[in-house]
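The basis for the numbers below is simple: all heavy atoms, side chains too, and nothing from hydrogens, waters or symmetry mates. Computed from a predicted model, the values in this text were never measured in an experiment.
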Amino acid sequence: MKTRILQQIIPSIATSDGGGVKLRRSLGQNQSLRVDPFLMLDEFSSNNADDYIAGFPSHPHRGFETVIYMLDGHMLHEDHLGNKGDLKSGGAQWMTAGRGIIHSEMPQQESGRMRGFQLWINLPAKEKMKPARYQDIQPDEIPVLVLPDDGEVKVIAGYVELDGATVSGPIQGLTTQAVFLDMRLPAHSRFVQAITKEHNAFVYPYEGQIEIGIADQSRSLASQMAGVLSGGDRIEIRTTEQPAAFLVLAGRPLREPVVQYGPFVMNTRDEIDQALSDYRNGQLV
């Protein structure tokens with residue numbers, strides 16, 4: 001088996017989005033920094049309500065999927081389909097914008113910590129205009145595997161193989177075959193996992209530092225940096241003197257043209273112009 005190595009590091013940058021929510025963006029900070037099929041990864045984390053209270057008021061999307069995974073806090077999703085989802089600590093929401101969706105995500109707290117991630121995943125051309133869909137995932141629906149060294153893996157999408165058993169997350173059946181894992185490892189630990197060789201993959205530590213790759217080829221990756229991995233069919237991640245928490249994301253690349261204008265992600269400029277026209281004319285959804 002070929003172990004993937006750390007090929008590129010994308011430091012996150014401070015920015016804001018929505019009504020002024022302060023966050024850090026790694027993938028997607030410019031349109032050349034993507035990992036097909038992943039378009040964007042934002043991390044938001046603050047104990048100061050001024051940094052998040054404005055939330056993400058009503059806005060449109062077309063042509064891709066959004067995932068919010070909440071570590072701490074409480075946010076309410078509402079959309080034009082009539083869906084309402086309470087996103088609480090440890091939960092996730094998986095939304096397929098498809099042809100179009102208009103939604104909002106607003107904090108349901110005026111103090112305390114708000115912490116989590118928003119991920120954008122591209123849709124293939126043949127699925128960009130399919131009906132919108134929303135899935136609210138409660139914390140107890142996300143499998144948690146305890147590792148032999150007392151680390152843990154939360155399987156949000158895709159699957160993990162451990163000791164000959166396969167554990168699948170609540171999100172399955174995607175064309176991109178996305179894998180979304182949240183991992184915590186104690187100090188001086190090691191995690192090895194098979195990753196489909198045809199898939200692209202990256203890792204994002206949000207607490208501590210990790211080492212990626214086999215011993216003679218390992219490189220360090222600090223927190224709040226996205227580490228893009230080389231080709232291969234397995235990953236090996238280690239901690240040193242301190243524990244670490246990190247995301248592992250992998251997916252089947254689409255290898256299609258990407259044209260993005262704000263919340264619309266299509267394959268051609270004409271399709272973007274049509275999305276803008278549909279939105280202005282009330283026909284997006």
Crowding at CD, Q242 (>12 non-hydrogen neighbours, <6.0 Å): no

Is M70 reachable from Y52 through a run of hydrophobic residues whose side-chain heavy atoms are each under 4.5 Å from the next? yes

May I ask you to say whether D233 pairs ionically with K2, meaning some side-chain N is under 4.0 Å from a carboxylate O? no

Nearest 0.5 Å please: distance from the CD atom of Q138 over to the CG atom of L87. 8.5 Å

Would you say I237 and V248 make side-chain contact, with heavy atoms under 4.5 Å? yes

Hey, what do you get for CG (L39) to CG (N122), rounding to the nearest 0.5 Å? 4.5 Å

Under the 3.5 angstrom rule, does the side chain of K197 hit a backbone N or O of M1 as a donor-acceptor pair? no

Take L119 and Y69 through the test side-chain contact (heavy atoms from CB on, under 4.5 Å) and record every step on the way to the result. CA-CA 8 Å; L119 176 71; Y69 173 51; over 6 Å; no

Partners passing side-chain contact (heavy atoms from CB on, under 4.5 Å) against E127 (at least two apart in sequence or in another chain): L123, P124, K130, T175

Side chain R238, main chain G213, donor-acceptor under 3.5 Å: yes

Taking all atoms of both residues into account, what is the closest heavy-atom pair of V179 and L181, and its distance? CG1-CG, 3.8 Å

Between S89 and G73 (side chain of the first, backbone of the second, donor and acceptor by atom type, cut-off under 3.5 Å), is there such a pair? yes

Which heavy atom of D136 sits nearest a heavy atom of G85, and at what distance? OD2-CA, 3.6 Å

Just wondering, do R113 and S45 contact through their side chains at under 4.5 Å, heavy atoms? yes

Which heavy atom of G100 sits nearest to which heavy atom of A132, and what is that distance? O-CB, 3.6 Å

Do R219 and I212 come within less than 4.5 Å of each other through their side chains, counting heavy atoms only? no

Tell me every residue that passes ring pair (Phe, Tyr, Trp, His ring centres under 6.0 Å) with Y159, counting only those two or more places apart in sequence or in another chain. none

Is it the case that the side chains of D270 and T268 hold a donor-acceptor pair, with the cut-off being a distance below 3.5 Å and no angle test? no

Among F44, F180, Y206, the one residue meeting ring pair (Phe, Tyr, Trp, His ring centres under 6.0 Å) with F117: Y206

Hydrophobic clusters here meaning ILVMFWY residues chained together by side-chain heavy-atom distances under 4.5 Å, can you tell me if L6 and I195 are in one? yes

What distance do D36 atom CG and E256 atom CD have between them, rounded to the nearest 0.5 Å? 8.5 Å

Applying salt bridge (charged side-chain N to carboxylate O under 4.0 Å, His left out), name anything that partners K22, two or more places apart in sequence or on another chain. D51

Show every ring pair (Phe, Tyr, Trp, His ring centres under 6.0 Å) that has at least one partner inside residues 119-158, sequence neighbours left out. H61-W120, F64-W120, H77-Y134

Go through E65 and T96 one step at a time and tell me if the side-chain hydrogen bond (donor to acceptor under 3.5 Å, both in side chains) criterion holds. CA-CA 4 Å; E65 299 185 290; T96 302; 2.6 Å; yes

Answer whether the closest heavy-atom distance between the side chains of V167 and L162 falls below 4.5 Å. no

Between S230 (side chain) and Q7 (backbone), is there a donor-acceptor pair under 3.5 Å? no

Measure from the side-chain N and O atoms of T239 to the backbone N and O of S189, and report whether any donor-acceptor pair falls under 3.5 Å. yes

Taking the side chain from E152 and the backbone from M183, do they hold a donor-acceptor pair closer than 3.5 Å? no

Nearest 0.5 Å, please: how far is OG in S104 from CG in L76? 7.0 Å

Residue set satisfying salt bridge (charged side-chain N to carboxylate O under 4.0 Å, His left out) with R4, at least two apart, ordered chain then number -> none

Donor-acceptor under 3.5 Å (N281 side chain, S277 main chain): yes

Indicate yes or no for a side-chain donor-acceptor contact from S220 to the backbone of E211 under 3.5 Å, with no hydrogens or angles considered. no

What I want to check is whether the side chains of Q274 and D278 have a donor and an acceptor closer together than 3.5 Å. yes

Test item: Q29 and T15 side chains (from C-beta on) under 4.5 Å apart, heavy atoms: no

After noting the C-alpha distance and the side-chain angles of W94 and I121, does the key distance pass the side-chain contact (heavy atoms from CB on, under 4.5 Å) rule? CA-CA 10 Å; W94 200 288; I121 308 174; 3.6 Å; yes

Taking every heavy atom of I210 against every heavy atom of A244, the minimum-distance pair comes out as CG2-CB, 3.6 Å

Just checking, is any N or O donor in the side chain of E105 or Q118 under 3.5 Å from an acceptor N or O on the other one? no

For the atom pair CG (L41) and CG (L33), what is the distance rounded to the nearest 0.5 Å? 12.5 Å

Going by distance alone, is a donor N or O of one side chain under 3.5 Å from an acceptor N or O of the other, for H103 and H59? yes

Flag side-chain contact, heavy atom, 4.5 Å: E271 against V259: no

Take L27 and I10 through the side-chain contact (heavy atoms from CB on, under 4.5 Å) test and state the conclusion after the steps. CA-CA 7 Å; L27 270 65; I10 304 174; 4.1 Å; yes

Flag yes if V228 and I214 sit in one hydrophobic cluster, no otherwise; membership is Ile, Leu, Val, Met, Phe, Trp, Tyr, and two members link when side-chain heavy atoms are under 4.5 Å apart. no

For residues L249 and M40: do they belong to one hydrophobic cluster (side chain heavy atoms under 4.5 Å, members Ile, Leu, Val, Met, Phe, Trp, Tyr)? no

Both conditions, 6.0 Å and 45 degrees, for the charged tip of R269 above the ring of Y261: are they met here? yes

Say you draw a straight line from CD of Q193 to CD of E161; how long is it, rounded to the nearest 0.5 Å? 6.0 Å

Exercise: identify the closest heavy-atom pair between P57 and M106: N-SD, 3.7 Å

Do any pairs count as a ring pair (Phe, Tyr, Trp, His ring centres under 6.0 Å) and have a residue in residues 264-285, sequence neighbours left out, and if so which ones? none

Output yes when a side-chain donor or acceptor of R62 lies under 3.5 Å from a complementary backbone atom of L284, and no otherwise. yes

Are L247 and L71 connected in the hydrophobic side-chain network, where two residues link if heavy atoms are under 4.5 Å apart? yes

For G262, is there any backbone N or O sitting under 3.5 Å from a side-chain donor or acceptor partner on Q260? yes

Nearest non-hydrogen partners of Q108 and M75, listed with the distance: CG-C, 4.1 Å

